[in-house]
J.: 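Sharing a structure, written as structure tokens. Questions coming.
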Amino acid sequence: MAHYFKHFHTIMKHKWLVMVHSFKCGIPLRGILHDLSKFSPSEFIPSAKYYNGHYSPIVNERRNKGLYSSVFTHHTNHNKHHFEYWISEYKGDFVLKAMPYKYALEYVCDMIAASKTYLGKEYKKDEPLKFFLSRYDHYLMHSATKEFVNTLLTKYAEKGFKSIKKKETKKIYENISKKFPNNEYIRCYSLNNEFIKEEINQEFIKKQNER
């Protein structure tokens with residue numbers, strides 16, 4: 001039973017940090033509601049089984065189940081602050097939707113809290129940014145979301161939470177959003193999905209004309 005108690009303690013520590021961070025960033029409700037699915041049997045039981053304490057249980061589950069993670073699938077399908085929630089499949093290709101502001105900001109708070117939770121005394125303000133950049137090139141994340149998260153984690157690494165207040169982050173999000181269409185199309189397995197790319201391009205042109 002030790003792993004169940006340890007995992008519960010880790011969840012609560014992480015949730016507390018995300019809530020504190022979310023209040024500082026001006027999105028208190030997202031902090032309160034953060035990661036409630038982790039208490040569901042679908043996530044809690046296998047996560048406790050694969051608990052490590054130094055990194056997410058998802059890592060050990062993948063190692064033991066041929067890289068597939070039921071916890072990861074359930075969690076990202078039930079939490080809008082994960083970019084995977086905003087990925088849609090179309091005829092073998094991917095359509096990426098930009099994360100809405102409050103969820104993208106919650107994701108930033110989540111990354112900072114996760115680094116603090118697992119690194120403990122070894123934590124430094126640049127750790128969340130280093131983690132994000134180490135995976136940057138192969139994240140299936142919308143370009144606007146990537147730039148927003150990268151910008152905020154860079155600011156946090158330099159000056160902490162005083163540099164990512166809500167008024168400023170909202171403006172950053174709006175300015176970045178103007179540069180990209182709401183949806184991005186990533187070709188993977190399709191033979192000919194050119195028409196959908198044209199639809200997305202037309203949607204972006206319309207968006208720009210309305211500004």
Side-chain angles (χ1 to χ4, degrees), residues 1-89 94-120 123 127-128 131-132 135 138-142 144-146 148-149 152-153 156 164 166 169 173 183:
M1 292 294 292
H3 288 318
Y4 288 89
F5 288 114
K6 288 180 180 179
H7 179 57
F8 179 78
H9 178 266
T10 299
I11 291 176
M12 295 306 296
K13 179 180 179 180
H14 176 71
K15 270 190 61 62
W16 170 255
L17 289 172
V18 173
M19 186 170 69
V20 172
H21 299 165
S22 296
F23 271 74
K24 289 182 178 180
C25 291
I27 50 170
L29 183 59
R30 296 315 312 156
I32 295 172
L33 299 176
H34 182 80
D35 274 0
L36 292 179
S37 69
K38 284 186 176 181
F39 298 102
S40 68
S42 297
E43 292 187 36
F44 187 84
I45 294 174
S47 292
K49 177 182 177 181
Y50 293 109
Y51 174 83
N52 175 277
H54 301 293
Y55 48 78
S56 171
I58 290 173
V59 176
N60 282 339
E61 186 185 26
R62 289 192 186 282
R63 288 172 176 169
N64 285 271
K65 291 190 173 182
L67 299 182
Y68 178 80
S69 171
S70 62
V71 174
F72 174 85
T73 301
H74 186 276
H75 190 72
T76 54
N77 283 342
H78 289 79
N79 291 276
K80 295 181 180 181
H81 66 276
H82 284 283
F83 66 87
E84 294 89 351
Y85 181 94
W86 303 95
I87 299 174
S88 179
E89 184 271 344
F94 296 107
V95 180
L96 314 181
K97 181 176 177 59
M99 289 174 66
Y101 169 75
K102 62 182 179 180
Y103 299 119
L105 187 54
E106 182 184 356
Y107 179 76
V108 171
C109 294
D110 187 23
M111 291 196 67
I112 296 171
S115 292
K116 288 183 177 180
T117 299
Y118 289 118
L119 293 176
Y123 174 80
E127 292 296 339
F131 181 89
F132 182 69
R135 292 154 175 77
H138 53 263
Y139 272 155
L140 270 176
M141 182 186 289
H142 189 282
T145 304
K146 268 189 177 182
F148 177 73
V149 173
L152 264 58
L153 289 180
Y156 174 81
I164 51 174
K166 185 176 182 180
T169 58
Y173 180 88
N183 300 326

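Note that the structure is predicted; figures quoted are calculated from it, not measured.
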J.: Using salt bridge (charged side-chain N to carboxylate O under 4.0 Å, His left out) as the criterion, list what pairs up with Lys65, not counting sequence neighbours.
T.: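 Only Glu61 meet the salt bridge (charged side-chain N to carboxylate O under 4.0 Å, His left out) criterion with Lys65.
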
J.: Return the CG to CZ distance between Leu153 and Phe132, rounded to the nearest 0.5 Å.
T.: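 The distance works out to 6.5 Å.
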
J.: Does Lys97 have any salt bridge (charged side-chain N to carboxylate O under 4.0 Å, His left out) partners at least two apart in sequence or in another chain, and if so, which?
T.: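 Salt bridge (charged side-chain N to carboxylate O under 4.0 Å, His left out) check on Lys97 returns nothing, list empty.
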
J.: Atom CE of Met19 and atom CE of Met12: how far apart are they, to the nearest 0.5 Å?
T.: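 The CE atom of Met12 is 8.5 Å from CE of Met19, to the nearest 0.5 Å.
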
J.: Holding to ring-ring contact (aromatic ring centres under 6.0 Å, His included), I want the full list of residues that pass it with Phe131, two or more places apart in sequence or in another chain.
T.: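 Testing Phe131 for ring-ring contact (aromatic ring centres under 6.0 Å, His included), a comparison that skips the adjacent residues, returns none.
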
J.: I'd like to check His78 versus Leu36 (side-chain heavy atoms, cut-off strictly below 4.5 Å). Are they in contact?
T.: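 No - every pair of side-chain heavy atoms lies 4.5 Å or more apart.
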
J.: Should His14 and His34 count as side-chain neighbours, where that means a heavy-atom distance under 4.5 Å?
T.: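 The answer is yes; the side chains approach within 4.5 Å.
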
J.: Kindly give the heavy-atom pair with the smallest separation between Cys25 and Lys166, and that separation in Å.
T.: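 For Cys25 versus Lys166, the nearest heavy atoms are O-CB, 3.3 Å.
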
J.: Can you list the residues that meet the side chain to side chain contact (heavy atoms under 4.5 Å, CB included) rule with Asn52, with sequence neighbours excluded?
T.: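 Residues passing side chain to side chain contact (heavy atoms under 4.5 Å, CB included) with Asn52: His54, Tyr55, Asn60.
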
J.: Restricting to pairs with a member in residues 20-31, which pass side chain to side chain donor-acceptor pair (under 3.5 Å), not counting sequence neighbours?
T.: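 Qualifying pairs: His21-Lys116, Arg30-Glu106.
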
J.: Are any of the side-chain heavy atoms of Ile112 and Leu17 separated by less than 4.5 Å?
T.: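 The answer is no, as the side chains (C-beta and beyond) never meet within the 4.5 Å cut-off.
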
J.: With Met141, which of Tyr107, Phe148, Trp86 fulfils side-chain contact (heavy atoms from CB on, under 4.5 Å)?
T.: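 So the option named by the test is Tyr107.
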
J.: Taking all non-hydrogen atoms of both residues into account, name the closest pair between Ala144 and Ala98 and its distance.
T.: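 Heavy atoms only, the tightest pair is CB-CB, 4.5 Å.
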
J.: Test of understanding: with ring-ring contact (aromatic ring centres under 6.0 Å, His included), list the residues that count as partners of His9, not counting sequence neighbours.
T.: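 Checked His9 against ring-ring contact (aromatic ring centres under 6.0 Å, His included); zero matches.
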
J.: For the CD atom of Glu127 and the OH atom of Tyr156, what is their distance to the nearest 0.5 Å?
T.: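 Going from the CD atom of Glu127 to the OH atom of Tyr156 covers 10.5 Å.
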
J.: Classify the angle between the aromatic ring planes of Phe44 and Phe8 as parallel (below 30°), tilted (30 to 60°) or perpendicular (above 60°).
T.: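 Taking Phe8 first and then Phe44, their aromatic rings stand perpendicular (interplane angle over 60°).
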
J.: Quick one: side chain to side chain donor-acceptor pair (under 3.5 Å) partners of His142, sequence neighbours excluded?
T.: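 Testing His142 for side chain to side chain donor-acceptor pair (under 3.5 Å), a comparison that skips the adjacent residues, returns none.
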
J.: Report yes if some heavy atom in the side chain of Ile11 is under 4.5 Å from a heavy atom in the side chain of Asp35; otherwise report no.
T.: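 Result no, sub-4.5 Å side-chain heavy-atom pair not found.
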
J.: Of all residues at least two apart in sequence or in a different chain, which pass the ring-ring contact (aromatic ring centres under 6.0 Å, His included) check with Phe23?
T.: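 With neighbours one apart ignored, the set is empty.
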
J.: Distance check, rounded to the nearest 0.5 Å: Asp110 atom CG versus His82 atom NE2?
T.: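 The NE2 atom of His82 is 5.0 Å from CG of Asp110, to the nearest 0.5 Å.
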
J.: Please enumerate all residues that pass side chain to side chain contact (heavy atoms under 4.5 Å, CB included) together with Ser40, with sequence neighbours excluded.
T.: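 Only Ser42, Glu43, His74 meet the side chain to side chain contact (heavy atoms under 4.5 Å, CB included) criterion with Ser40.
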
J.: Output all residues satisfying side chain to side chain contact (heavy atoms under 4.5 Å, CB included) with Ser47, sequence neighbours left out; order by chain, then residue number.
T.: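 So Ser47 forms a side chain to side chain contact (heavy atoms under 4.5 Å, CB included) with His7, Pro57, Val71.
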
J.: Can you list the residues that meet the side chain to side chain contact (heavy atoms under 4.5 Å, CB included) rule with Thr10, with sequence neighbours excluded?
T.: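 For Thr10, the residues satisfying side chain to side chain contact (heavy atoms under 4.5 Å, CB included) (neighbours in sequence not counted) are Tyr51, Thr117, Tyr118.
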
J.: Among all residues two or more places apart in sequence or in another chain, which pass the ring-ring contact (aromatic ring centres under 6.0 Å, His included) test with Tyr101?
T.: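 Tyr101 satisfies ring-ring contact (aromatic ring centres under 6.0 Å, His included) with Tyr173 once adjacent residues are dropped.
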
J.: Quick check: do Tyr4 and Ile45 have side-chain heavy atoms less than 4.5 Å from each other?
T.: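 With C-beta onward as the side chain, the pair touches.
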
J.: So do Pro128 and Tyr123 actually touch side chain to side chain, heavy atoms under 4.5 Å?
T.: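 Tyr123 reaches Pro128 side chain to side chain.
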
